[in-house]
Amino acid sequence: MIDKRVGSVAEAVSVIKDGATVLIGGFGEAGSPIELIHALIDHGAKNLTAVNNNCGNGEVGLAALIASGQVSKMICSYPRSANSMVFPDAYRSGRVALELVPQGTLAERLRCGAAGIPAFYTPTAVGTPLAEGKELREFDGKHYLLERGLVADFALIKCERADPLGNLTYNKTARNFSPVMCMAAKTTIVQARRVVERGEIDPEHVVTPGIFVDRIVEVADPAVESELIAAGRRYP
Amino acid sequence: MSASSRGWNRDQMAARAAADIPDGAYVNLGIGIPELVAEHVPPGRELIYHTENGLLGMGPPAAADRRDYELINAGKKPVTAIAGAAYFHHADSFAMIRGGHLDVCVLGALQVAQNGDLANWSTGETGAIPAVGGAMDLVAGVKTVFVITKHVTKTGEAKLVERCSFPLTGQGVVARVFTDLAVIDVTEKGFVLIETAPGISAGEVREQTAAPLYSR
């Protein structure tokens, strides 16, 4: 019987190697897999390329991973935060490189990478500094840029419910990038608020089918990033 | 009296923009003054709000005691969902934007050029952290792009210009601009004055605009 559950967050992330590209779900704090990120800090893999819409808040979660020096490059759309100087300091000092990608192009790069599509044309960013070095092509009188599909070694994902086969559901806007990230990673590691029995998730309600998921760990009471920050917490 | 304390205030600018959004439109509102548009929709009209982080049918901000940090808007603030709302992932959300399914977006601006070019994500300053979010996707894909902005900067420089000096968000994308002084269309010949705020003359608007401003 297939059972993708592992015993702890430490075991879940233990397969991540130095130099890996890691997709990290979440939009701001919504959907951010804090416990898996903290386990990755403890695990210590270095020289990572991290992909997220943002660059973390306060000094916990993604911001803490950047502060730990394990990230050498960020791929994201909006690396600004009202309450964190971790990324700006790391970027200005040259410790972390930045590839800035429009948010929709980032989502589409993941979807295409996941679907075996190496590149696609989009009108987003035509005529802007983010078009530099990219092929420009005209279709039906309109200009489009060639953008590359994006695949990764790992994805760290937070979901609401998972079954042992890896079928997932999410909670409200905590879904955001997670489904396309599950699809675009070779190994997808998921923390679920609740792991349920096979068959408990109605097949009509499955958002991420289990084929896109490899390792599942239950984190029944995940930290709320805003609350950690309000309490002045930092990790480790 | 300076121009900044005259003309329309933030709410009045938002109300003026809301008046031009048709009943039944699917709408994405940017962060800042554009967010106020939702509070000023004329009675009898229903607009459906899209937030790019995966919600169609966004309702008002969440009350202090009902905040859910897994139900937020693009500005990362807790919001609510209306009856009949839908959640979806980012690729679907941006397919709505990039595929031309949204009717109107309302954005802020650093500069708008007379050919409709918009600059609203970066001043190009060295050392600044570049951050674009979904702005380039919105202007490339949404059917009608409205801009709400003060007519001039805090230091009095024109924001409506012949050519943007800041890095562009998109080329030839802006349809209409709502400022504290006037409503201005972007047309094939350039800026066209549609309406002035009460007590503001066309001459005054021209003085504060760094490009030709044509009459209707």
Side-chain angles (χ1 to χ4, degrees), chain A residues 27-32 53-55 57 76-82 87-88 91-92 98 100-112 114 122-131 143-144 158 160 170-183 207-208 224-227, chain B residues 31 51-55 58 67-81 85-100 115 117-119 121-122 124 126-141 164 166-173:
Chain A
F27 180 91
E29 68 178 305
S32 181
N53 188 60
N54 306 102
C55 281
N57 298 304
C76 77
S77 88
Y78 202 84
R80 270 190 222 143
S81 155
F87 177 78
Y91 174 72
R92 290 197 182 101
L98 170 66
L100 188 70
V101 182
Q103 200 173 141
T105 296
L106 182 58
E108 194 63 20
R109 288 181 64 187
L110 291 162
R111 175 160 70 178
C112 286
T122 177
T124 295
V126 168
T128 78
L130 299 189
H143 289 98
Y144 297 81
K158 179 189 189 185
E160 183 66 18
Y170 300 89
N171 184 38
K172 308 186 186 80
T173 61
R175 180 184 308 195
N176 57 68
F177 282 92
S178 295
V180 285
M181 286 183 168
C182 287
M183 294 168 67
V207 178
T208 292
V224 176
E225 195 177 270
S226 301
E227 292 174 7
Chain B
I31 295 163
T51 181
E52 54 264 37
N53 53 315
L55 167 59
M58 179 173 64
R67 283 186 189 140
D68 177 348
Y69 289 98
E70 296 200 329
L71 177 48
I72 60 175
N73 65 11
K76 313 207 168 70
K77 296 190 196 94
V79 292
T80 52
Y87 298 115
F88 35 81
H89 64 65
H90 248 78
D92 279 354
S93 183
F94 279 84
M96 293 176 194
I97 293 171
R98 292 151 67 109
N115 64 352
D117 287 0
L118 172 67
W121 68 285
S122 166
T126 47
I129 305 294
V132 66
M136 289 183 182
D137 304 291
L138 286 162
V139 300
C164 295
F166 294 138
L168 293 188
T169 307
Q171 291 178 313
V173 293

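Any value given below was found using the heavy atoms of this structure, including those in side chains, with hydrogens, waters and symmetry copies removed. Chain letters run A, B, ... following the sequence lines, proteins first and then strands; every chain starts at 1.
- Note: A:Thr105 OG1 to B:Phe94 CZ = 9.0 Å, rounded to the nearest 0.5 Å.
- Considering only heavy-atom pairs separated by less than 4.5 Å from chain A, the leading option among B:Gly134, B:Gly54, B:Ala135, B:Ala81 is B:Gly134.
- Applying side-chain contact (heavy atoms from CB on, under 4.5 Å) to A:Thr124 and the options B:Ile97, B:Val132, B:Asp137, B:Thr169 leaves one that passes, B:Asp137.
- No side-chain heavy atom of B:His89 sits under 4.5 Å from any side-chain heavy atom of A:Asn176.
- Looking at A:Val207, neither its backbone nor its side chain comes within 4.5 Å of chain B, counting heavy atoms on both sides.
- A:Tyr91 and B:Ala128 get closest at one heavy-atom pair: CE2-O, 4.4 Å.
- Interface residue A:Phe87: only side-chain heavy atoms are found under 4.5 Å from chain B.
- Between B:Tyr69 and A:Ala30, the shortest heavy-atom contact is O-CB, 3.5 Å.
- At least one side-chain heavy atom of B:Met136 sits less than 4.5 Å from a side-chain heavy atom of A:Leu130.
- In this structure, chain B has a heavy atom under 4.5 Å from the side chain of A:Val224, while its backbone stays farther away.
- A salt bridge is absent between B:Lys76 and A:Glu225; no separation between the charged side-chain nitrogens and carboxylate oxygens falls under 4.0 Å.
- Of the listed residues A:Gly104, A:Pro123, A:Gly28, A:Cys55, the one with more heavy-atom pairs under 4.5 angstrom with chain B than any other is A:Gly104.
- Contact detail for A:Thr173 and B:Ile72: the closest heavy-atom pair is OG1-N, 3.0 Å.
- Residues B:Trp121 and A:Pro129 are in side-chain contact: their nearest non-hydrogen atoms beyond the backbone lie under 4.5 Å apart.
- Contact annotation for A:Leu98: only side-chain heavy atoms (C-beta onward) come within less than 4.5 Å of a heavy atom of chain B.
- Looking only at heavy-atom pairs under 4.5 Å with chain B, the residue among A:Pro102, A:Ala82, A:Ser32 that has the most is A:Pro102.
- The line from OG of B:Ser93 to CZ of A:Arg175 is 11.0 Å long, rounded to the nearest 0.5 Å.
- When every heavy atom of A:Arg111 is checked against every heavy atom of B:Ala95, the shortest pair comes out as NH2-CB, 4.4 Å.
- Neither the backbone nor the side chain of B:Asp117 comes within less than 4.5 Å of any heavy atom of chain A.
- Remark: aromatic rings of B:His90 and A:Phe27 are close, center separation under 6.0 Å.
- Under a 3.5 Å cut-off, the side chain of B:Arg98 and the backbone N or O of A:Thr122 do not form any donor-acceptor pair.
- The candidate with the highest count of non-hydrogen atom pairs below 4.5 Å against chain B, out of A:Gly31, A:Ser77, A:Ala107, is A:Ser77.
- For A:Ser178, no part sits under 4.5 Å from any heavy atom of chain B, backbone or side chain.
- Across every non-hydrogen atom of A:Leu100 and B:Pro130, the tightest pair is CD1-O, 3.5 Å.
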